[in-house]
Structure formats: structure tokens, C-alpha cells
2 protein chains.
Amino acid sequence: MSDTKRPPGTFPGVTLADVARAAGVGESTASRVLRNRGSVSERSRAKVEAAAERLAYLPNRLAGNLASTGSNLVGIVIPSLANVVFPDFLSGVNQVLEANGHQSVIAVSEYSPRREEALIASLLAWRPAGLILVGLDHTEGAKARLRASGTRLVEAYDTDGVGLDRIVGFSNRNAGAMAARHLVTRGYTRIGYVGHSIHGDIRAVKRFEGFRAALAETELDVVAREIGTGTSSVEAGREGLARLLAQGTEVDACYFSNDDMALGGYFHCLSRGIEVPNQLALFGHNGLEMARHAPQPLTSIRTPRAKMGEVAARMVLGQEQGRMIDLGFELLEGGTT
Amino acid sequence: MSDTKRPPGTFPGVTLADVARAAGVGESTASRVLRNRGSVSERSRAKVEAAAERLAYLPNRLAGNLASTGSNLVGIVIPSLANVVFPDFLSGVNQVLEANGHQSVIAVSEYSPRREEALIASLLAWRPAGLILVGLDHTEGAKARLRASGTRLVEAYDTDGVGLDRIVGFSNRNAGAMAARHLVTRGYTRIGYVGHSIHGDIRAVKRFEGFRAALAETELDVVAREIGTGTSSVEAGREGLARLLAQGTEVDACYFSNDDMALGGYFHCLSRGIEVPNQLALFGHNGLEMARHAPQPLTSIRTPRAKMGEVAARMVLGQEQGRMIDLGFELLEGGTT
DNA sequence: TCATCATTTGGCAGCGCTGCCAAAATTTGG
DNA sequence: CCAAATTTTGGCAGCGCTGCCAAATGATGA
């Protein structure tokens with residue numbers, strides 16, 4: 001197309017120049033038409049559009065973005081895809097980005113700050129319009145790169161600490177505290193905790209800290225705890241509660257690091273005939289759909305995951321004012337407390 | 001850096017030329033060092049690496065890929081992020097891609113073929129190394145573009161039909177058939193079906209078709225069915241089963257389009273004191289973790305989601321031989337049948 | 001009618017990198 | 001020691017597009 005003699009293996013590839021030639025206009029005019037930018041006569045517009053259609057022209061964003069220095073990509077680093085909450089978040093991000101003609105490059109850190117640092121560097125190489133990260137904790141190297149790059153940055157999911165640029169999320173500490181106060185108000189005093197491996201899930205740790213701090217307000221503390229070694233899951237919750245109860249300490253309520261874990265705990269109670277909430281109350285976190293529709297809806301805290309994604313995306317696109325937006329959370333009073 | 005007078009608002013940006021100059025070598029040599037390609041003397045290598053480090057050089061992949069015609073991006077279009085199965089799949093894809101120095105650009109079609117077509121065009125504009133799609137059903141326009149682009153393509157999740165290039169997945173028809181045979185073998189004869197909206201979820205439809213075809217082998221058919229209007233969820237399953245039973249038709253087993261739906265059904269039975277499986281047997285699909293750890297593990301079919309992602313990624317990178325790989329599935333005999 | 005102003009247009013220099021090629025430096029062997 | 005073979009190196013033309021600028025065209029009013 002754009003060249004008659006061309007290496008045999010290479011796919012032709014219609015270029016903007018081809019379209020311009022076919023339409024009988026200059027390259028710039030063709031470019032203006034295809035991007036709806038600048039003023040173009042109806043005549044030219046029609047000719048270019050027809051030519052582009054006829055040649056099945058596919059713009060090359062690599063070239064376009066390079067020339068205009070800046071891409072319409074947004075880099076996103078999440079800790080995991082296995083945990084339902086992050087897809088929910090991504091969903092929100094994606095919706096807003098797509099509506100604004102942006103595209104998301106997604107990377108998964110597996111809760112490893114070192115991996116995150118490498119991924120950030122890798123994403124910055126695309127000269128993205130912005131970056132969205134989860135949490136406020138990053139390696140020093142990552143922070144340095146981010147600052148140096150000058151890329152717009154949004155940190156989501158955590159407002160307990162200082163961020164690098166923009167922040168959207170909620171206070172995990174306060175979420176934990178709300179759980180504690182709810183249990184205290186309901187009269188529970190012998191409270192246990194079942195969590196998943198803390199390895200990297202700093203926000204779960206913050207919740208637990210907030211939980212204990214709030215208990216301490218009424219001179220209480222967790223009487224037993226059981227921390228799994230793996231990631232959060234129904235199975236881990238089920239086994240965690242089993243182990244907690246096997247410790248022998250008397251417990252009248254249990255706080256879980258997560259709804260999956262709590263649902264596992266609930267399943268354990270069903271299996272063993274433990275009456276919920278009379279013998280044992282259960283409290284989760286996240287307000288997952290599946291847990292809300294159990295025979296006894298799980299008492300939990302609903303976190304604004306999709307909303308957070310939407311706001312994060314809008315922030316990264318510069319459509320949101322504040323530097324820090326706390327979206328809060330909501331107590332879901334279920335039947336398990 | 002690379003230019004003394006530079007528009008004030010623009011971020012400097014260290015270029016390869018800057019690194020080369022600082023290291024006292026030519027651009028090509030610097031490029032070779034930073035890409036580990038071609039032969040370079042130890043001396044030059046050290047100088048370039050030091051300079052890159054000192055200047056905090058960040059390569060520009062936009063330029064790199066444009067120059068070398070071809071990117072290390074892989075485009076992925078999935079129907080939804082809300083359904084747990086796709087993150088599982090993505091997880092597998094991502095793992096392999098990252099290990100091979102590739103990056104994934106993810107787009108979500110929301111089960112709309114028209115959206116999928118637009119997203120495909122958008123992804124192709126990045127001149128990706130390859131594309132991964134879910135399912136075999138695409139608009140004619142999308143197929144034409146894909147064929148014309150010559151991009152390597154992998155279609156995942158479905159082997160019931162003809163694909164455009166490479167395929168990895170399993171037969172949804174056969175999965176449905178296996179479910180039916182299992183129920184028949186166990187002696188159930190009055191079988192109902194609770195599904196979610198078919199709008200776009202062609203694979204769920206294929207399963208149901210396979211299910212009915214297998215029932216027909218023993219002169220049976222579904223005696224009642226209830227199809228929700230929304231997406232698959234625990235709530236939809238719970239309400240679906242409630243409606244199915246309210247129809248009045250006597251039913252001794254129920255097949256669900258999905259594990260979420262089936263878990264919802266199970267919750268309904270627990271709430272209403274319906275004995276499972278004596279009064280009603282339940283059969284799901286996907287083998288989700290949460291359903292396997294219910295008091296009575298759900299009978300289901302485990303699908304190789306992460307594995308499928310890994311194979312899809314390997315196929316797209318050209319590391320896998322066959323054009324079509326059927327990964328099969330596995331019957332999970334739980335306590336609900 | 002022609003000068004004046006607004007609109008539309010095309011040429012061309014880059015964006016930062018890679019690939020090619022010829023030149024320079026180094027090694028080898030007679 | 002020198003010629004030949006090998007390794008290493010740098011210059012420079014693109015990759016396909018956008019942004020800038022000056023030129024061409026069209027519209028307006030005296």
C-alpha cells in the first residue's frame with residue numbers, strides 16, 4: 001500500500017498517508033477528519049471517511065501517541081485477581097475509562113511491593129495518561145519513580161495514611177472500629193478474630209487494629225485469634241473458625257477479615273449445629289453479594305468498590321476536584337449478630 | 001535534557017540519546033545494551049548501565065514498538081468482570097504473559113457482541129502481539145477485522161463450534177450432558193432448570209442444550225424451567241428456585257446455569273427446610289471454591305479456568321503447538337445430589 | 001471591483017526508538 | 001609484522017502519526 005516493494009512476510013498495513021492519497025487530500029486533513037479535530041470542510045470530511053472505510057484503515061495508536069507525546073492508556077496495579085473485591089473495583093474503573101476513550105493496562109502484584117515496583121516501571125514505559133494503584137504502601141524505589149515521572153497518580157482503597165498524589169477510598173481502621181462498636185452494642189464481650197495471612201494485605205491489618213482500638217474503648221480486647229497462612233477464602237474461614245473454637249477459649253462473637261472468611265465460618269456453624277447468632281455471632285467485611293443472601297444474611301460492612309473504581313478513574317482523568325475523597329462505608333445489619 | 005529550550009510545562013524526559021551521550025557511546029550501542037541484544041563489549045555495557053541508572057532513564061515503549069513494528073501488548077476481551085470465572089481466567093493469562101515480558105490490555109464487553117467489535121478495533125490499534133477473546137461468537141465485522149489484521153488470535157472457553165485461529169477451552173455441551181447423565185444415573189426423573197439471562201451468555205445456553213440432549217437419550221426432558229432476567233448471582237438463583245417451586249410442577253432435582261445460582265438455590269432450601277438431596281437435588285457449574293465448602297458441598301463441574309488462561313496466553317505467544325486444545329472438565333460429586 | 005478577514009488546507013519536522021549498514025577496532029594466524 | 005576474519009560501534013533513515021506554520025481558498029463589506 002504505502003510502499004510497493006515491501007518485505008514479503010510483512011502485512012501491508014494501510015497508513016494515514018494511503019487514506020489521504022486515496023481521498024485526494026493532505027495527510028493533515030485526513031488526520032483532522034479521523035480525530036474530529038480542527039475545522040474541515042464537509043466535502044473533505046466525506047471524502048476521507050469514505051476512503052478510510054474503503055481501505056479498512058486502522059489507525060496506529062503507537063505512532064499517534066508517540067507523536068502527540070502522551071497516551072490514552074491508564075495503568076492499573078491491583079494486588080490480586082483472586083479476591084472478588086478487585087474485579088469489582090476494576091469494573092468501576094473500566095466503565096469510566098471506556099466512556100472517556102481510554103484503555104486500561106492491568107498488572108497484578110500478588111501483594112508483593114517489589115513486584116509492584118517492577119510493574120510500575122513497566123507501565124510508566126507506556127507513558128500512560130495516569131496510574132491507579134491500590135493502597136498507600138509502596139517501596140521507596142516505586143515512590144521515587146512515580147514522583148519523577150510526573151504522571152497523574154491515584155491510590156485507592158485506603159485513606160489511613162499519606163498518599164503521593166490523589167487518594168480515593170475509605171478508612172479501614174474506621175471500618176474495623178465500626179464492627180467492634182456494633183458487637184459491643186449488641187452485648188458481645190468474648191470476641192474472637194479469624195483472619196487470613198497478613199502477608200501484604202495491610203488493609204486487613206488496619207481493620208483489625210481499628211477493631212481492637214475500638215474494643216479498648218470499653219476495656220475489651222479480642223480473647224482469641226486465628227490467622228491463616230494463605231489468602232482469604234471460604235475454606236480458610238471455615239478452618240480458621242474451627243481452629244479458633246478448638247482453642248478452648250469461650251467466644252460469643254467472631255470478627256472475620258473478610259466476607260469469604262465469614263461465610264466459611266457460617267458454613268462451619270451450620271455443619272456443627274452452632275446456633276447463629278445465639279451461640280456465636282459472626283461479622284464479616286465487604287458486603288459481598290453471596291453473603292447477603294445466605295439463609296441468615298451476614299452482618300458486614302459494605303465497601304464502595306465499584307464506586308471507588310469510578311472515582312479513581314475520574315480522578316486520573318482530572319475530572320474530579322479533591323485530592324482525597326473518602327467514600328465511607330455502610331453497616332449491613334444482617335442476621336448473624 | 002535532550003533539548004535545552006523546551007516548553008516550560010513539559011516534563012524533561014531522559015531519552016536514549018541522553019543516556020548514550022552521558023555514557024560516551026552511540027545511540028545504537030546504548031540501545032543494544034538496554035535490550036540485551038547484539039554483542040556489546042563489557043566496557044560499553046557497564047558505561048551505559050551506569051549512565052541509565054544515574055539519569056533514571058525510563059525507556060519509551062511507544063517509540064520502541066513503533067520502530068520495531070510490533071508491540072509486547074496482548075489484548076484481552078472478556079464478557080464481564082462481575083462473574084468470578086473471568087478473573088480466574090485472567091489470572092492465568094496474566095501470569096504467563098508477565099513471565100514472558102508481555103503486558104495485557106483488558107477490555108470488557110458486557111456480553112455485547114457490538115461492544116466487543118468496537119473493543120477489538122480499539123485494541124488492534126495498539127498493534128498487539130496477539131488477542132485473546134472469550135467464546136466463538138463475534139459479529140461479522142469483528143471477524144473481518146480480525147482476519148484482515150493478521151494478528152494472532154486465541155478464542156477461549158468454548159470448543160463447540162468453529163474458530164478463527166486458535167482455540168482453547170472445553171465443550172459446554174458436553175459439560176451439560178455430563179450433568180444430565182449424573183442426575184439420571186442417580187435416579188432423578190423430574191428435573192428442573194434455573195438459569196440466568198441468556199442475553200449473550202451463549203455458553204450457558206450450550207450447556208443447557210447439551211443437558212437436554214443427554215436427558216433425551218433416556219426419553220427425559222426438563223419438567224420445569226425458570227430463567228432470570230439479570231446476570232448470574234446468588235440472589236438470582238435463590239429467587240429462581242423459589243419461583244420454580246412455586247410453579248407447582250413436582251421436581252426432584254434442579255440444574256443451575258452456574259454455581260452462584262446453585263448456591264442461591266441451596267440457601268433457599270436451607271431457609272425453607274427443604275432437605276437436600278432427599279427432597280431436592282442440586283447441580284451447579286464451575287466448581288467455585290465457595291460452593292465446595294458449603295455444609296453440603298455442591299455437586300458441580302469444575303472448569304479449568306486458570307489453566308485455560310495459561311494455555312491461551314501460551315498460544316498467543318506461539319509457545320503452544322495445536323490449533324485447538326480441549327482441556328476438558330471434571331465432575332465434582334458433592335453432597336447435593 | 002478589490003482589500004480584508006476567516007476558514008481550510010498541505011508540507012514537513014519531529015516524537016524516541018530500532019534496524020541496517022558500513023566503518024572502526026580488535027583478534028587471529030601465517 | 002601484516003593481511004584476513006571477527007567483533008564492536010555509530011550514523012542515519014525510517015516506523016506512522018501529530019503539531020506547527022504558511023499558503024491557498026472562500027466569504028464579507030466598502
Side-chain angles (χ1 to χ4, degrees), chain A residues 1-3 5-7 9-48 51-52 55 57-72 124-127 149, chain B residues 1-3 5-7 9-48 51-52 55 57-72 124-127 149:
Chain A
M1 291 285 183
S2 50
D3 193 1
K5 39 185 168 183
R6 174 179 278 288
T10 315
F11 182 74
V14 181
T15 69
L16 182 64
D18 297 323
V19 175
R21 203 173 313 128
V25 301
E27 267 187 81
S28 344
T29 303
S31 172
R32 276 184 286 255
V33 170
L34 296 169
R35 283 180 302 151
N36 287 311
R37 191 160 307 192
S39 52
V40 193
S41 68
E42 255 331 302
R43 230 176 85 78
S44 300
R45 172 175 306 279
K47 283 194 296 182
V48 170
L55 299 179
Y57 170 68
L58 192 67
N60 184 332
R61 275 214 241 277
L62 251 32
N65 283 322
L66 176 61
S68 60
T69 53
S71 80
N72 70 339
L124 284 175
W126 286 102
R127 299 297 185 268
S149 76
Chain B
M1 290 282 185
S2 52
D3 193 0
K5 41 184 169 181
R6 172 180 278 287
T10 313
F11 183 76
V14 182
T15 70
L16 182 64
D18 296 323
V19 174
R21 203 171 313 128
V25 303
E27 266 188 80
S28 343
T29 303
S31 173
R32 276 184 286 256
V33 170
L34 296 170
R35 283 180 302 149
N36 287 313
R37 190 159 308 189
S39 52
V40 192
S41 68
E42 256 329 304
R43 229 176 85 79
S44 300
R45 173 176 305 281
K47 283 195 295 184
V48 170
L55 299 178
Y57 171 67
L58 192 66
N60 184 333
R61 275 213 241 276
L62 253 37
N65 284 322
L66 176 61
S68 61
T69 53
S71 81
N72 69 340
L124 284 175
W126 287 101
R127 301 295 186 265
S149 75

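Note: hydrogens, waters and symmetry copies are ignored here, and every other heavy atom, side chains too, is used. All chains are named by letter (A, B, ...) in the order of the sequence lines, taking the proteins before the strands, and each is independently numbered beginning at 1.
For the pair B:Thr15 and B:Tyr57, the tightest heavy-atom approach, listed with the atom from each and the gap, is C-CE1, 3.6 Å. Among all heavy-atom pairs drawn from A:Leu16 and A:Glu27, the shortest one is CD2-O, 4.0 Å. The heavy-atom pair separating A:Trp126 from B:Ser71 by the smallest distance is CH2-CB, 4.2 Å.
Residues passing the side chain to side chain contact (heavy atoms under 4.5 Å, CB included) test with B:Ser68 are B:Asn65, sequence neighbours excluded. Looking at residues two or more places apart in sequence or on another chain, you find a side chain to side chain contact (heavy atoms under 4.5 Å, CB included) between A:Leu58 and B:Leu124, B:Arg127, B:Arg145. Applying the side chain to side chain donor-acceptor pair (under 3.5 Å) criterion to A:Thr29, with sequence neighbours excluded, gives no partner residue. For B:Ala67, the side chain to side chain contact (heavy atoms under 4.5 Å, CB included) criterion is met by no residue, not counting sequence neighbours. Every side chain to side chain contact (heavy atoms under 4.5 Å, CB included) that A:Arg37 has, sequence neighbours left out, goes to A:Arg35. Not a single side chain to side chain donor-acceptor pair (under 3.5 Å) links B:Arg32 to another residue, sequence neighbours left out.
The separation between A:Leu66 atom CG and C:dC15 atom C1' is 4 Å, rounded to whole Å. With rounding to whole Å, B:Arg127 atom CZ is found 7 Å from D:dC17 atom P. Between the C1' atom of D:dC15 and the CG atom of B:Asn60 lies a distance of 13 Å, rounded to the nearest Å. Atom CG of B:Leu62 and atom C1' of C:dC17 are 10 Å apart (whole Å). Counting to the nearest Å, the P atom of C:dG10 and the CZ atom of A:Arg43 are 10 Å from each other. Going from atom CG of A:Asp18 over to atom C1' of D:dC17 covers 13 Å, rounded to whole Å. In this structure, CG of B:Asn65 is placed 13 Å from P of D:dG16, rounded to the nearest angstrom. Between B:Glu42 atom CD and D:dT7 atom P the separation is 16 Å, expressed in whole Å.
The listed nucleotides are C:dG19, C:dC17, D:dC17; the one nearest the side chain of B:Arg37 is C:dG19.
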For nucleotides 5-8 of chain C, list the nitrogen or oxygen atoms of the protein found under 3.5 Å from its nitrogen or oxygen atoms, one pair per line.
residue, atom, partner, partner atom, Å
C:dT8, OP2, A:Ser39, OG, 3.0

Take A:Ser28 and A:Ser31 through the side-chain hydrogen bond (donor to acceptor under 3.5 Å, both in side chains) test and state the conclusion after the steps.
CA-CA 5 Å; A:Ser28 344; A:Ser31 172; over 6 Å; no

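In the helix from C:dT1-D:dA30 to C:dG30-D:dC1, the end axes, each obtained as the rotation axis mapping the C1' atoms of four pairs onto the next four within a five-pair block, lie 40° apart to the nearest 10 degrees.
Between C:dG16 and B:Tyr57, no contact under 4.0 Å exists linking OP1 or OP2 to a side-chain N or O. Phosphate proximity of D:dC15 to A:Arg61: absent, as no side-chain N or O sits under 4.0 Å from OP1 or OP2.
Side-chain contact between B:Leu66 and A:Asn60 is present, with at least one heavy-atom pair separated by less than 4.5 Å.
Of the residues in residues 23-34 of chain A, those lying under 4.0 Å from DNA chain D by heavy-atom distance are A:Glu27, A:Ser28, A:Ser31.
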